[in-house]
Amino acid sequence: MFTGIVDHFGTIKAIKTSQDKTLTLVIQHNFKELTLGESIAVNGICLTVNDIDNQAKTFDCDISPETLLKTNIQQLATADQVNLERSLSLQDRLGGHIVLGHVDSTAKILKIAPANEFTLMEIGNFNTHEMPLLVPKGSVSINGISLTINKVLSTSFEIMLIPHTLKRTNLQHLKTNDVVNIEFDYFARLVQNQIRAYLAMEKSS
């Protein structure tokens with residue numbers, strides 16, 4: 001479990017492909033120390049540390065076929081920067097919102113526009129099943145960053161980014177038509193699932 005408060009950038013040092021076409025990312029980091037088997041959110045994707053090189057300050061993580069299908073990992077290249085966050089401990093402050101690191105889908109950057117010292121970003125092309133999960137002033141995770149939805153449109157939503165968020169995350173590098181990882185708010189998904197189950201029971205009764 002994570003909070004969506006990015007700790008720092010990591011850098012993709014290598015992308016390895018095995019004979020069975022499984023991917024392994026080698027990521028350079030700035031954490032003081034890591035533990036084999038711990039979870040790290042990489043662009044909002046919960047991944048497991050399976051190898052550590054303390055001298056090079058890198059860790060390896062394997063990418064499953066499901067993760068490749070659901071996320072923007074296939075678009076990453078060597079030297080790209082990724083958002084990193086270690087998993088939440090019980091002593092930590094919940095500065096963002098509850099983020100599981102289970103990416104629901106990807107979306108496109110439709111617009112980036114300056115708004116005084118802030119940056120307006122529109123993200124979209126969501127389907128009719130996803131739109132009810134987006135609520136004005138609600139939370140959403142974009143590339144692992146906990147953000148507040150400013151406005152909900154017909155198939156998209158807008159966020160207003162403060163300078164601090166741009167400085168500390170890889171959103172600063174995004175361009176129109178770039179693809180980002182989206183994780184909808186857990187409680188919104190939970191409510192949607194319960195409503196679907198209730199409606200299905202009502203229909204069958």
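Nothing fancy with the numbering, it's 1 onward along the sequence. Predicted, not measured: the structure shown is a model, and the values here were computed from it.
- Val180 is linked by a side chain to side chain contact (heavy atoms under 4.5 Å, CB included) to Ile109, Ile123, Ile142, Asn143, Leu174, Ile182, counting only residues two or more places apart in sequence or in another chain.
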I'd like a table of donor-acceptor pairs (distance under 3.5 Å, sequence neighbours excluded) in which one partner is a side-chain atom from residues 150-167, with atom names and distances.
{"unit_1": "Asn150", "atom_1": "OD1", "unit_2": "Lys137", "atom_2": "NZ", "d": "3.4"}
{"unit_1": "Ser156", "atom_1": "OG", "unit_2": "Glu122", "atom_2": "OE2", "d": "2.7"}

May I have the list of side-chain donor-acceptor pairs in residues 2-13 shorter than 3.5 Å, sequence neighbours left out?
{"unit_1": "Thr3", "atom_1": "OG1", "unit_2": "Ile5", "atom_2": "N", "d": "3.3"}
{"unit_1": "Thr3", "atom_1": "OG1", "unit_2": "Glu85", "atom_2": "OE2", "d": "3.1"}
{"unit_1": "His8", "atom_1": "NE2", "unit_2": "Asn30", "atom_2": "N", "d": "2.8"}

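- Contact check for Leu100 versus Arg189: side-chain heavy atoms found under the 4.5 Å cut-off.
- The side-chain hydrogen bond (donor to acceptor under 3.5 Å, both in side chains) pairs that include a residue from residues 106-115 number zero, where partners must be two or more places apart or lie in different chains.
- Counting only heavy atoms from C-beta outward, the side chains of Ser105 and Phe184 approach each other to under 4.5 Å.
- If you chain together ILVMFWY residues whose side-chain heavy atoms come under 4.5 Å of each other, Val26 ends up in a group of its own.
- Put simply, the side chain of Phe187 reaches to within 4.5 Å of the side chain of Ile98, judged on heavy atoms.
- Under the 4.5 Å side-chain criterion, counting only non-hydrogen atoms from C-beta, Ile40 is not in contact with His29.
- For residues 31-40, the pairs satisfying side-chain hydrogen bond (donor to acceptor under 3.5 Å, both in side chains) are Glu38-Arg86, with sequence neighbours left out.
- Sorted by first and then second residue, the pairs that involve residues 50-61 and meet side-chain hydrogen bond (donor to acceptor under 3.5 Å, both in side chains), not counting sequence neighbours, are Asn50-Asp62.
- Taking Ile, Leu, Val, Met, Phe, Trp and Tyr as members and joining any whose side-chain heavy atoms lie under 4.5 Å apart, directly or through other members, Leu110 forms no hydrophobic cluster with any other residue.
- No chain of hydrophobic side-chain contacts below 4.5 Å, direct or via other Ile, Leu, Val, Met, Phe, Trp or Tyr residues, connects Leu76 to Leu171.
- With sequence neighbours excluded, the residues satisfying side chain to side chain contact (heavy atoms under 4.5 Å, CB included) with Asn127 are His129, Glu130.
- Panel note: side chain Asp185, backbone Ser139; no donor-acceptor pair is recorded below 3.5 Å.
- Every residue was checked against the ring pair (Phe, Tyr, Trp, His ring centres under 6.0 Å) condition with His97, not counting sequence neighbours, and none meets it.
- Counting heavy atoms from C-beta outward, Thr48 and Cys61 have side chains that stay 4.5 Å or more apart.
- Counting only residues at least two apart or in different chains, side-chain hydrogen bond (donor to acceptor under 3.5 Å, both in side chains) contacts with residues 191-201 are absent.
- Applying the side chain to side chain contact (heavy atoms under 4.5 Å, CB included) rule to Ser89 yields the partners Gln91, Asp92; only residues at least two apart in sequence or on another chain are considered.
- Asn170 and Asn43 are linked by a side-chain donor-acceptor pair at a separation below 3.5 angstrom, with hydrogens and angles left out of the test.
- At a cut-off of 3.5 Å, with distance as the only test, no side-chain donor of His102 or Glu183 sits close to an acceptor on the other residue.
- Looking at heavy atoms from C-beta onward, Thr67 lies in side-chain contact with Ile73 at the 4.5 angstrom threshold.
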